[in-house]
Participant: 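Right, I'll just put the structure down here and ask away after.
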Amino acid sequence: MIETKIMYDMLEKVNDIRGKLQDEESKKIYDLRMNALIYKNNEEFLDQLPYISKNWRLDEVDHIFGVLNQIESIIICGAGRYGMRTYNILKNSRYKDFNIVFLDNSTKVRNALEEKGFCAIDVAKLMKDYRNSIAIISTPRYRQELYDQIVFSGFPQERILNPFGGNIVGVCGKQYFDYFKSESKDEIFVDAGCYDGSTSIEFTKWCKGWKKIYAFEANPSSANRCKCRFDEMGIMNKVNLIKKGTWSNKGFLAFNGDDYNAGAMITDCGNIMVETVPIDDVIKGGG
């Protein structure tokens, strides 16, 4: 009976939070995230994420299109799980009608893709027919090897997009900040799990008079990436970057995170141990 009551109370809180979300996209993301937590399958969450919007803004892709004059096709380098995520988010963005081609070194993989109706090529075909395209590296474990391979083959480096973590980042609206207006000059923002710093940077654009950012990131490589971006933006003097996970208590927990994991999180089956700290302890000066 006690366990049943605990479960009922938890479900009531989950539904109460969901009911306070202000748009359907947020509710879809919330449902996907809860499903990932229940079934401990964060990869499925990331697989489904591209479908929650038809209007993803892809800043990294927009930038390279703005720099180059002629782009004939988009080449997705890597046809695995990450490659399909890249394909699906492109198809749910302004690039949905663009010619998209997969590149993979495996003949077996290319044949399987072509049987499903996709266009798939090897590096030789890339160099022969697609030199005026852009290439997006979408294989996190082997991204450096694949990058080196196509550069060594003679593909122009300025036409290669090698995103951090192996995923291009999509944005809907202004990442939370399109629903609120800031009237204060002393706004404080807590970014719990700041990944590559993008949300914190969006916060600085939304609120011109902000006072401080507390950015938590337990994944060491992601935390280093955030520091580089904050330094580039000239805001590091007002950012407290905490290389710890957020939790209810101080301690150490298993964490699923590495150089290529875009969905890093605290989990029972993590591959590293990270230090944790309550958010209130840090803000109140005890962290």
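One is the number of the first residue; the rest follow in order along the sequence. Quick caveat: nothing in here was measured; it's all calculated off a predicted structure.
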Participant: Sequence neighbours excluded, which residues qualify as ring pair (Phe, Tyr, Trp, His ring centres under 6.0 Å) partners of Y30?
Facilitator: none

Participant: Any chance the side chains of T107 and R110 put a donor and an acceptor closer than 3.5 Å?
Facilitator: yes

Participant: Give the C-alpha distance, both sets of side-chain angles, the deciding distance and a yes or no for side-chain hydrogen bond (donor to acceptor under 3.5 Å, both in side chains) between R229 and N224.
Facilitator: CA-CA 9 Å; R229 294 195 69 189; N224 292 336; over 6 Å; no

Participant: Run through Q157, Q144, R143 and flag the one making a side-chain hydrogen bond (donor to acceptor under 3.5 Å, both in side chains) with N162.
Facilitator: R143

Participant: Is the closest basic N to carboxylate O distance between K54 and E25 below 4.0 Å?
Facilitator: no

Participant: Apart from Y39 itself, which Ile, Leu, Val, Met, Phe, Trp or Tyr residues share its cluster (side-chain heavy atoms under 4.5 Å, direct or through members)?
Facilitator: I38

Participant: Please step through side chain to side chain contact (heavy atoms under 4.5 Å, CB included) for the pair F98 and L90, ending with a clear verdict.
Facilitator: CA-CA 9 Å; F98 220 81; L90 286 167; over 6 Å; no

Participant: Side-chain polar contacts of residues 231-239 - donor-acceptor pairs under 3.5 angstrom, sequence neighbours left out - could you list them?
Facilitator:
{"residue": "D231", "atom": "OD2", "partner": "K227", "partner atom": "NZ", "Å": "2.9"}
{"residue": "K238", "atom": "NZ", "partner": "W210", "partner atom": "O", "Å": "2.8"}

Participant: Start with the C-alpha gap between E44 and Q48, add the side-chain angles, then the distance that decides, and say whether side-chain hydrogen bond (donor to acceptor under 3.5 Å, both in side chains) holds.
Facilitator: CA-CA 6 Å; E44 180 66 19; Q48 295 300 317; 3.2 Å; yes

Participant: Parallel, tilted or perpendicular: which fits the ring planes of F118 and F102, with parallel below 30° and perpendicular above 60°?
Facilitator: perpendicular

Participant: Mind checking the CZ-CG spacing from F216 to L241? Nearest 0.5 Å is all I need.
Facilitator: 10.0 Å

Participant: Between N92 and Y51, is any side-chain donor less than 3.5 angstrom from a side-chain acceptor?
Facilitator: no

